[in-house]
Amino acid sequence: MKNIIYQITFVALFAFAVFGTFFSTANAEIPKATQGNAAPDFSLTNVNGDVVKLADYAGKTVVLEWTNPDCPFVKRLYKTNTMQKLADKYKDNGVVWIAVSSTSFHDDAKLKDWATEQKITYPLVNDKNGIVGKLYGAQTTPHMFIIDTKGKLAYNGAIDNDSTGGSEMPINYVDQALGELTTNKDISTATTKPYGCSVKYG
Amino acid sequence: MLSEAEERVKAVEKNRMRNILSVICFLLFSCSSAFSINEVESSLLVHKATTQIDDQLYIGINFKIAPDWHIYWKYPGDAGLPTRVKWDTPKGVTVSELLWPAPETFSQNESMVGYGYSNETVLLAKVTIPEGQSIGNISGQVNWLGCSKSLCVPGKSTLTIPVSDLINPKEQNSKDLSFWIKQLPQAEHGEVFTEEIKVTRSGVNSSANLVLTWQIAPLKVEWYPELGQFLALKDLKIINKDTTTILAFDLEHLSGSKAEILNSTAVAHFNNGDKRSFNLPIDLVN
C-alpha cells in the first residue's frame with residue numbers, strides 16, 4: 001500500500017515538474033503584442049465551447065475587444081449597440097470581430113447569458129486565466145486591438161474619445177481605423193490610451 | 001454520576017444552546033453581509049456644505065467612500081472615470097469648475113495605477129452671488145464611478161441648496177471646509193520650492209527631468225500627471241533627498257500627439273504632518 005502511495009506521489013511530482021516547466025517556458029517564449037509587429041497567436045474557447053484560434057483568420061482584419069459584462073463602460077457601449085453595430089458594419093469587408101473576457105471570476109455560463117442578452121453575433125472567448133490579456137497588454141474594458149491582413153498589430157487603444165458617453169461628436173477610433181484599413185489607407189490614429197474599468201485579472 | 005434523565009436534559013440544553021448560537025451566528029453573518037452590501041451601494045454619500053473663507057463662498061460635495069472602494073480624480077489614471085458635476089443655478093449666480101483636492105494613488109491591477117479618493121473627500125467649487133440675490137436654488141447633478149478591486153459601480157445624485165443658505169449658512173447643511181480647501185493645489189509655490197525642468201524630445205518620446213528644491217526638506221513627494229488620451233507615462237522615478245526632489249520620466253506621444261503642456265500636481269508631506277500640494281505645469285516643448 002505504502003509503495004503504491006509512493007509511486008503515485010512520484011508520478012504526480014514528475015508530471016507537475018515536467019508540465020509546469022513546459023507551460024512556464026512556453027509562456028515565456030511567446031513575444032508580447034507590440035504596435036506594428038506580428039500579433040501573437042492564441043487559441044481560446046468561445047462560450048459555446050468551440051475553439052477560436054487567431055491563426056485561422058490569417059489574411060483577414062481582426063478586431064479584438066476586451067470586455068467585461070459587469071463594467072459600466074462596457075454596459076454603456078452595449079446599450080448603445082456601439083460594438084454590435086461596428087462589428088456588423090465591417091462584416092462584409094471581411095473584418096472578424098472577437099470579444100475577449102479576461103475577467104478571472106467569469107465563467108462560460110455567465111458570458112454566454114450576457115452574449116445572448118446582448119444579441120452578440122461574434123465569438124466571445126473566455127481567457128479567465130488572463131494569459132492572452134497579458135500577452136496583448138489589455139488594460140481596460142473596453143480595450144481595442146486591430147490586427148491587419150498581414151497579421152500585424154495596427155491599432156491599440158480606446159474605442160473612442162468619449163469616456164463619459166456625453167460627447168455630441170465623438171470620434172470612434174476603431175471605426176476610423178477600420179475605415180482606413182479597408183480602403184488601403186494608413187491608420188491616422190494608431191495608438192490611444194484606452195479608458196474603462198481595469199481588466200480584472202486574478 | 002449523572003442519571004439518564006439528567007443527561008438527556010443536559011443534551012437538550014446543549015442542543016438548544018447550539019441552535020441559539022447558530023441563529024445568532026446566522027443573524028450576525030446576514031447582518032454583516034447586508035451591511036457590507038449597503039455600505040458598498042450607498043458608500044458614496046454626498047452632502048452639501050458651505051463656508052466663507054477669504055471673502056470667497058465655497059460649495060463642497062462631500063463623498064464618504066466605503067472601505068476598499070474609491071472614486072476618481074479629474075484624471076483617473078490608467079482606468080476609471082473622473083467624478084463629474086453639472087450645476088444648475090439661478091440667473092446671475094455662478095459656480096466655478098470643480099476644485100480638486102490632491103488625490104492619492106491606488107493600484108487597479110498588477111500594473112495599473114489609479115488616482116482618486118478613498119474614505120472621504122470634498123470636491124469644491126467657488127460660488128458668486130450678485131448683491132441682493134437670495135432666491136432660488138443651486139443644484140448639482142453629480143456622477144461618479146466607484147470601484148473596488150473586482151467591481152465598478154456608477155453612482156449619481158442630485159444635490160440642492162437654497163442660495164439663501166449660502167448667504168446665511170444653516171447648521172444642517174454647513175460645515176467647516178477649511179481642511180479641504182487647504183488640500184487644493186496652490187498655483188504659487190515660489191516660497192516653498194523652486195523648480196528646474198528639462199524636457200528633451202526624440203521622435204515620439206520625451207524625457208523629462210525635474211529638480212525641485214525645497215525650502216524645508218519634505219518627507220515624501222508624490223506626483224500626479226494629467227496625461228489625457230495621447231500621452232503614456234513610462235519609467236517614472238521620484239528620488240527624494242534632503243531638500244531636493246528629482247522627478248524623472250519618459251512620455252510616449254501616442255499617434256504623434258503634439259501635446260505642449262503636461263499639467264500635474266506635486267504633493268509634499270512634511271515632518272510636522274503638513275501636506276501641501278501645488279500645480280506643476282510642465283512645458284513639453286521648450
**OP:** Could you tell me which residues satisfy ring-ring contact (aromatic ring centres under 6.0 Å, His included) with B/Y72, sequence neighbours excluded, listed by chain and number?
**Re:** B/H70, B/F106

Original post:
A/Y173 versus chain B, heavy atoms under 4.5 Å apart: side chain, backbone, both or neither?
Top reply: side chain

Original post:
Where does B/L231 contact chain A at under 4.5 Å (heavy atoms): side chain, backbone, both or neither?
Top reply: backbone

Original post:
Where the side chain of A/T191 meets the backbone of B/S255, is there a donor-acceptor pair that is under 3.5 Å apart?
Top reply: yes

Subject >> Non-hydrogen atoms of B/A79 and A/C197 that approach each other most closely >> reply: CB-C, 3.9 Å

**OP:** Assess whether atom CG of A/D50 is packed by more than 12 heavy atoms of other residues, nucleotides or ligands within 6.0 Å.
**Re:** yes

Subject >> Pairwise side-chain contact, B/M112 with A/V199, heavy-atom cut-off 4.5 Å (strictly under) >> reply: no

Original post:
So what's closer than 4.5 Å to chain A heavy atoms on B/S107: side chain, backbone, both or neither?
Top reply: neither

Original post:
Which answer fits B/C147, side chain, backbone, both or neither, if we ask what part of it has an atom under 4.5 Å from a heavy atom of chain A?
Top reply: neither

Original post:
Between A/K193 and B/D78, is any pair of side-chain heavy atoms under 4.5 Å apart?
Top reply: yes

Subject >> Check: B/C152 and A/K200 side chains under 4.5 Å, non-hydrogen atoms >> reply: yes

Original post:
Is it the side chain or the backbone of A/K75 that comes within 4.5 Å of chain B heavy atoms, both, or neither?
Top reply: neither

Subject >> Atom group of A/C71 that falls short of 4.5 Å from chain B, counting heavy atoms >> reply: neither

Subject >> Any donor-acceptor N/O pair, B/Q229 side chain to A/Y195 backbone, under 3.5 Å >> reply: no

Original post:
Just how far is it from atom CG of B/L81 to atom CZ of A/F73, taken to the nearest 0.5 Å?
Top reply: 4.0 Å

Original post:
Does atom CG of A/D175 have more than 12 heavy-atom neighbours, drawn from other residues, nucleotides or ligands, at distances under 6.0 Å?
Top reply: yes

Original post:
For A/N68, is it the side chain, the backbone, both or neither that has a heavy atom under 4.5 Å from a heavy atom of chain B?
Top reply: neither

**OP:** Using the side-chain hydrogen bond (donor to acceptor under 3.5 Å, both in side chains) rule, collect all pairs that involve residues 99-108 of chain A, keeping only residues at least two apart or in two chains.
**Re:** A/W66-A/S102, A/D70-A/H106, A/S102-A/D127, A/D108-A/N126

